[in-house]
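Computed from a prediction, not measured in an experiment: that's the story for all the values here. Reminder, nothing fancy here: chain letters follow the sequence lines and each chain counts from 1.
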Amino acid sequence: MDNVFEVLNERGFIKQTTNAEQVARLLGEEQVAYYVGFDPTASSLHVGSLVPIMAMAHLQRAGHKPIAIIGGGTTMIGDPTDKTEMRPMLSLEQISTNSKGILAQLQRYLNLDNGIANNEESQIASKAGRFLNNADWLLSVNYIEFLRDIGKHFRVNEMIQAKGYQQRLDRELGLSFLEFNYQLLQAYDYLCLFQKYACRLQLGGDDQWGNILAGVDLVRRVEGERVHAVTFPLLTTASGAKMGKTAGGAVWLDAERTSPYEFYQYWINVDDRDVSRFLAYFTFLPMDEIRRLGNLEDEAIREAKEVLAYQATKLAHGKAEADKAQAASRAAFGGGNLDEAEMPTTVITSERLDIGIPIMMLFHEVGLANSRSDARRLIQQGGAYINEKQCRAIDMVVDTDLLEENALLLRAGKKRYHRIIIKEN
RNA sequence: GGGGGCAUGCUAGAGCGGUCAAAUAGGGCAGACUGUAAAUCUGUUGGCUAUGCCUACGGUGGUUCGAAUCCAUCUGCCCCCA
């Protein structure tokens, strides 16, 4: 079998490494503890985080030990990397809540058996990966000791070369001292993980390269050991947009924020040019199969998109949800039976419908329009449908006459559906 | 500590006393075309009980018949000097 490093490389996960040969040899010869940091700024990860997650999963499948770090301590400061504004500082409670959500999501992809802030000695022997919060060691740091032991290894001249900082300095955006320290803290994380868990490899987005290298250097200076770094290419879609953004905002891994159906639809709707790359990143399908799918052209490429959507949804939400999403998607767009489809649904009492609901109000209420004015526009422009019939009259009142099998199917534009079910009372 | 500048809609960015719900671009939404793709074209893009009304140009208070536009003050950000 190929070395995991080769697997990752073939799938496009590798952008930069400290030393490709050494990393490959390390991964081929021993069981390596590796880590990736995640931001606890929200209670859910979004599809952008899937690149590191999938890379971790490949490594774990190859027998290496993942360590997922929640940047609880660093988030309390804010990360300047490639951001035009400071990140908000979060409270400990928020971070802890967010961490729980993130852990649950990571566990779908990885075997991480310990909980938050739980780094008992017994678990060091555990085969599963770990989930740690860097607040555990950062919060107790003593400023003077930190400066003496860690700070002395850093040169400001070098630090400000980092791209993220450079931008902030050049563009008059300003850089707070807090944020400037981020690099030291992240480097310190690596050192701690090396000392405690023999972590020898850090992975991260390519924008983190500078920070990761700072950690590699720090370990070398303090411990005299060679540790490694691998970065992932920063994913953008073929049209140049940041990965994982859609009309409605980010595509989350949390089913509460982005339903499995919407998640599935996100993948179905990717740009043709992104399909093979995404298959390599976001599924475990063998590369031969991916190449076959990637060679499909014109309409046939939808088959590849369907595979991508199904596989990605299955990983994130499980087989049952993926099946449902697929069925719903096929129903909505392939002429299948729409009533069977799983889609956002609102229950309305028959009483209300007897009176009649103005169409603008209805579209707004179920969320297909952001306001009544928005609904008005939608209707006027011919984007509103009830039971697949276009409705252009803004003064239309929806009542029981329109019911089909005790339900209504609303549609806004081409892709957004909403079902209304009537409840007797 | 001293001096100067900036703050506008989702974003960037015009406007500098009335004709401003505010140019322009990007983004979003809708329509046409299509393959639930891309590109292109068209329309639209604060809210509402809708030919009108309300809320908006960092906060507050003034000047004025009338302010995003002028003045004062507060807050935040930036630059230069020390």
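- Nucleotides B:A23 and B:A14 have their P atoms positioned 14 Å apart, rounded to a whole Å.
- Note on A:Glu10 versus A:Arg291: salt bridge recorded, some NZ/NE/NH1/NH2 to OD/OE distance being below 4.0 Å.
- A:Gln105 and A:Ser44 share a donor-acceptor pair across their side chains, judged by distance under 3.5 Å alone.
- Residues A:Arg330 and A:Glu306 are paired through a salt bridge, judged by an N-O separation under 4.0 Å between the basic side chain and the carboxylate.
- Side chains of A:Arg376 and A:Ser371: a donor-acceptor N/O pair is absent below 3.5 angstrom, by distance only.
- Residue contacts for A:Ala369: at a heavy-atom cut-off of 4.0 Å it reaches no nucleic acid atom on any strand shown.
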Look for any protein N or O under 3.5 Å of an N or O in nucleotides 46-52 of chain B and output each such pair with its distance, or none.
unit_1 : atom_1 : unit_2   : atom_2 : d
B:G47  : OP1    : A:Ser371 : OG     : 2.8
B:G47  : OP2    : A:Arg377 : NH2    : 2.6
B:C48  : OP1    : A:Arg372 : N      : 2.9
B:C48  : OP2    : A:Arg372 : N      : 3.4
B:C48  : OP2    : A:Ser373 : N      : 2.6
B:C48  : OP2    : A:Ser373 : OG     : 2.4
B:U49  : OP1    : A:Arg372 : NH1    : 2.5
B:A50  : N7     : A:Arg376 : NH2    : 3.4
B:A50  : N6     : A:Ser373 : OG     : 3.3
B:A50  : N6     : A:Arg376 : NE     : 2.9
B:A50  : N6     : A:Arg376 : NH2    : 3.4
B:A50  : N1     : A:Arg376 : NE     : 2.9

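- Residue contacts for A:Gln380: at a heavy-atom cut-off of 4.0 Å it reaches no nucleic acid atom on any strand shown.
- Taking 4.0 Å as the cut-off between side-chain N and carboxylate O, A:Asp288 and A:Arg292 do not count as a salt-bridged pair.
- In this structure, the NZ atom of A:Lys415 is 16 Å from the P atom of B:U34, given to the nearest Å.
- At the phosphate of B:G31, OP1 or OP2 sits under 4.0 Å from a side-chain N or O atom of A:Tyr385.
- Taking atom NZ of residue A:Lys305 and atom C1' of nucleotide B:G35, one finds them 8 Å apart after rounding to whole Å.
- Between B:C33 and A:Lys414, no contact under 4.0 Å exists linking OP1 or OP2 to a side-chain N or O.
- Distance from the side chain of A:Phe333 is smallest for B:U36 among the nucleotides B:A30, B:U36, B:A37.
- Remark: the A:Gln208 side chain and the A:Gln186 side chain contain an N/O donor-acceptor pair separated by less than 3.5 Å.
- What separates OH of A:Tyr266 from C1' of B:A37 is a distance of 13 Å, to the nearest Å.
- A:Arg392 has its CZ atom 10 Å from the C1' atom of B:A30, to the nearest Å.
- Between A:Lys324 and A:Glu321 a salt bridge is recorded (basic side-chain N to carboxylate O distance below 4.0 Å).
- When the nearest nucleotides of RNA chain B are assigned to A:Glu299 and A:Gly413 by heavy-atom distance, the more 5′-ward of the two goes with A:Gly413.
- Nucleic acid contact for A:Tyr264: none, since no nucleic acid atom lies under 4.0 Å from a heavy atom of the residue.
- If you check the side chains of A:Glu93 and A:Ser96, you find no donor sitting under 3.5 Å from an acceptor.
- The aromatic rings of A:Phe13 and A:Tyr281 sit perpendicular to each other, their planes meeting at more than 60°, with 30° as the lower class boundary.
- Rounded to a whole angstrom, the distance from the P atom of B:C16 to that of B:U24 is 16 Å.
- A:Trp267 places its CH2 atom 17 Å from the P atom of B:A37, with the value rounded to the nearest Å.
- Of all non-hydrogen atoms in A:Ala304 and A:Leu293, the two that sit nearest each other are CB-O, 3.7 Å.
- B:G46 and B:A21 have their C1' atoms separated by 7 Å, with the value rounded to a whole Å.
- There is no side-chain donor-acceptor pair under 3.5 Å between A:Tyr310 and A:Gln326.
- Residues A:Leu27 and A:Leu201 form a side-chain contact, since some pair of their non-hydrogen atoms from C-beta on lies under 4.5 Å apart.
- Contact check, A:Arg302 against B:U36: a side-chain N or O comes under 4.0 Å of OP1 or OP2.
- Taking atom CG of A:Asp298 as the reference point, atom P of B:A39 lies 16 Å away to the nearest angstrom.
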Could I get a table of every N or O pair under 3.5 Å where one atom is in the protein and the other is in nucleotides 40-43 of chain B?
unit_1 : atom_1 : unit_2   : atom_2 : d
B:G43  : N2     : A:Gln381 : OE1    : 3.0
B:G43  : N2     : A:Gln381 : NE2    : 3.4
B:G43  : N3     : A:Gln381 : OE1    : 3.2

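- Atom name P, nucleotides B:U8 and B:C70: the rounded distance is 15 Å, in whole Å.
- Residue A:Glu303 contributes atom CD, which lies 18 Å from atom P of B:A37 at whole-angstrom precision.
- Taking atom CG of A:Leu378 as the reference point, atom P of B:G28 lies 17 Å away to the nearest angstrom.
- Atom C1' of B:C81 sits at a distance of 39 Å from the matching atom of B:C10, rounded to the whole Å.
- In summary, A:Glu365 and A:Arg372 do not engage in a salt bridge, as defined by a charged side-chain N under 4.0 Å from a carboxylate O.
- Residue contacts shown for A:Val270 are limited to sugar-phosphate atoms, with no base heavy atom under 4.0 Å away.
- Pairing analysis of RNA chain B (Watson-Crick: purine N1 to pyrimidine N3 plus N6-O4 or O6-N4; G-U wobble: N1-O2 and O6-N3; both under 3.5 Å) yields stems of 3 or more pairs at B:1-7 with B:75-81, B:10-12 with B:24-26, B:27-32 with B:40-45, B:46-48 with B:52-54, B:58-62 with B:70-74.
- A salt bridge links A:Asp272 with A:Lys305: the distance from a Lys NZ or Arg NE/NH1/NH2 to an Asp or Glu carboxylate oxygen falls below 4.0 Å.
- Comparing the C1' positions of B:C20 and B:G15 gives a spacing of 9 Å, expressed to the nearest Å.
- Look at the P atom in both B:G3 and B:U11: the space between them is 34 Å, to the nearest Å.
- When the C1' atom is used for both B:U51 and B:C6, the distance is 40 Å, rounded to whole Å.
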